[in-house]
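Since we're looking at a predicted model, the values are computed, not measured. First the proteins, then the strands, lettered A, B, ... as listed; each starts at 1.
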There are 2 protein chains.
Amino acid sequence: MPKLGMEPIRKAALVNATIAEIGRTGSLDVTVSQIARRAGMSSALAHHYFGGKEGMFLAAMRHVLTLYGAEVRGALAVARGPEARVQAVVHASFSPANFRREVIGAWLNFYVMAQTMPEAARLLDVYQRRLRSNLRHGLRPLVGPRAATVAEALAALIDGVYLRQVLVRGKADRAGAVETVLGVLAAELGRGART
Amino acid sequence: MPKLGMEPIRKAALVNATIAEIGRTGSLDVTVSQIARRAGMSSALAHHYFGGKEGMFLAAMRHVLTLYGAEVRGALAVARGPEARVQAVVHASFSPANFRREVIGAWLNFYVMAQTMPEAARLLDVYQRRLRSNLRHGLRPLVGPRAATVAEALAALIDGVYLRQVLVRGKADRAGAVETVLGVLAAELGRGART
DNA sequence: ACGTTAATTGACCCGTCAATCAACAAAAAA
DNA sequence: TTTTTTGTTGATTGACGGGTCAATTAACGT
């Protein structure tokens, strides 16, 4: 029963289903049919809208990156002062939306994609650049010329803490993640961190 | 022309070929035939020795982990004093052997495996535990009760820096990696880090 | 010599999957 | 009403990949 104006709805459904399936299986070893079935349509329609599996993967990646970007911008908008800006980035990175098992699994596989799909590599590169840039801006007034170095370290730390959650069974540990990163931040700011 | 005592040689060749192929394609999307061809034998023989693809992946993972473990032990053996111990772990983690593109790609995919293969998850867990434990022992005399927390952070940072190399085109940046981690260590030790 | 065992492979089976296509349904336009 | 555009799918195809097996070759022990 074809309704009109289905394209955006179907595309959105497919993108969500793609993320969900990648998260569920923990790998890129998902079939177009699985994704399409979860999104409530035939695999042929998925091909129709995205031209192929790769297109679906990239769309899913763009979507996750867009959500993350929005979350960061939102957090930065209400941050008062440089230190609050850095903390805002950290909190956004580990926000409930980005810290679901599905999404973590998806991220991991984006890195895998980046090894073979140039467009995926480009997208990840944009993410990393933005992350470092955001951190630098907050850090400059705090640590001056060391801002670039510290931003580099914090960015890597965020990714590392994120990666670590892959192995955690059950709910991922948001509070612990934030604490770890902020602990390093505190040390870099020259004050001793709390236990 | 069957020679005797081929088993260990063939197994070793297959393990190396597995790592090489995973590194080359950047994904687990490698066929048994590809691996076997690179190792100079038929795919049937690969199945004969490892029982299947999964067995080959796990063997490759064990091998990488073993090499890494040996490297760490070696570095620790000659380390004088607590701080040197921590630095030894860092240097070993980013040693030339572990920092080749192939191996980095392999590591990334081990995390992917861990999401579906319990044995892979177990192996990675052992690695992470050992890494944290080694760091803690070196850190205890330096930061006392904060050793556990700092070890956690350094371990995550090491993994994050490692992950980051996935996107670097060309040779991975060993010196920069070490510097980033040691910079954070210096900050945690309460001295200001160098630029 | 001779049977036993390790090494080794080509051919094959069975399943799967991405992609295509022809065809149909419904709404919009003419 | 006819035509066009958009939405939709079942069926099909062509390729490929993991795993199995029967059969072959050579070394070894006796």
Please step through salt bridge (Lys or Arg N to Asp or Glu O under 4.0 Å) for the pair Glu188(A) and Arg146(A), ending with a clear verdict.
-> CA-CA 10 Å; Glu188(A) 289 284 359; Arg146(A) 288 177 51 239; 2.4 Å; yes
Verdict with reasoning, Arg24(B) to Glu102(B), per salt bridge (Lys or Arg N to Asp or Glu O under 4.0 Å) | CA-CA 6 Å; Arg24(B) 188 178 65 78; Glu102(B) 303 175 270; over 6 Å; no
Roughly, in whole Å, what's the span from [atom1] in [X] to [atom2] in [N]?
| X | N | atom1 | atom2 | result |
| --- | --- | --- | --- | --- |
| Leu4(B) | dT4(C) | CG | P | 17 Å |
| Glu54(A) | dC17(C) | CD | C1' | 16 Å |
| Arg37(A) | dT16(C) | CZ | C1' | 13 Å |
| Ile35(A) | dT16(C) | CD1 | C1' | 15 Å |
| His48(A) | dC24(C) | NE2 | C1' | 14 Å |
| Lys53(B) | dT20(D) | NZ | P | 14 Å |
| Asp29(A) | dC16(D) | CG | P | 17 Å |
| Glu7(A) | dT8(D) | CD | C1' | 13 Å |

Return no unless some side-chain N or O of Arg10(A) is found under 4.0 Å from OP1 or OP2 of dT8(D).
->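 Looking at the OP1 and OP2 atoms of dT8(D), one of them is under 4.0 Å from a side-chain N or O of Arg10(A).
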With no hydrogens and no angle check, do the side chains of Glu152(B) and Thr180(A) hold a donor and an acceptor under 3.5 Å apart?
->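 Glu152(B) vs Thr180(A): no donor-acceptor pair found between side chains.
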Under 4.0 Å between any heavy atoms, over every strand shown, what does Tyr49(B) touch: base, sugar-phosphate, or nothing? Just pick one.
->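 Result for Tyr49(B) = sugar-phosphate.
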What is the nucleic acid contact for Thr31(B), judged by heavy atoms within less than 4.0 Å: base, sugar-phosphate only, or nothing?
->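 Sugar-phosphate: the residue Thr31(B), judged by heavy atoms under 4.0 Å, touches backbone atoms but no base.
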5′-ward residue of the pair Val30(A)/Ser43(B) relative to DNA chain C |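 Counting from the 5' end, the first nearest nucleotide belongs to Ser43(B).
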Sequence neighbours excluded, which residues qualify as ring pair (Phe, Tyr, Trp, His ring centres under 6.0 Å) partners of Tyr127(B)?
->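 Partners of Tyr127(B) under the ring pair (Phe, Tyr, Trp, His ring centres under 6.0 Å) test: Tyr68(B), Trp107(B).
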Between dC21(C), dT9(C), dA18(C), which nucleotide has the shortest distance from any of its atoms to the side chain of Ala44(A)?
->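 The answer is dC21(C), which lies nearest to the side chain.
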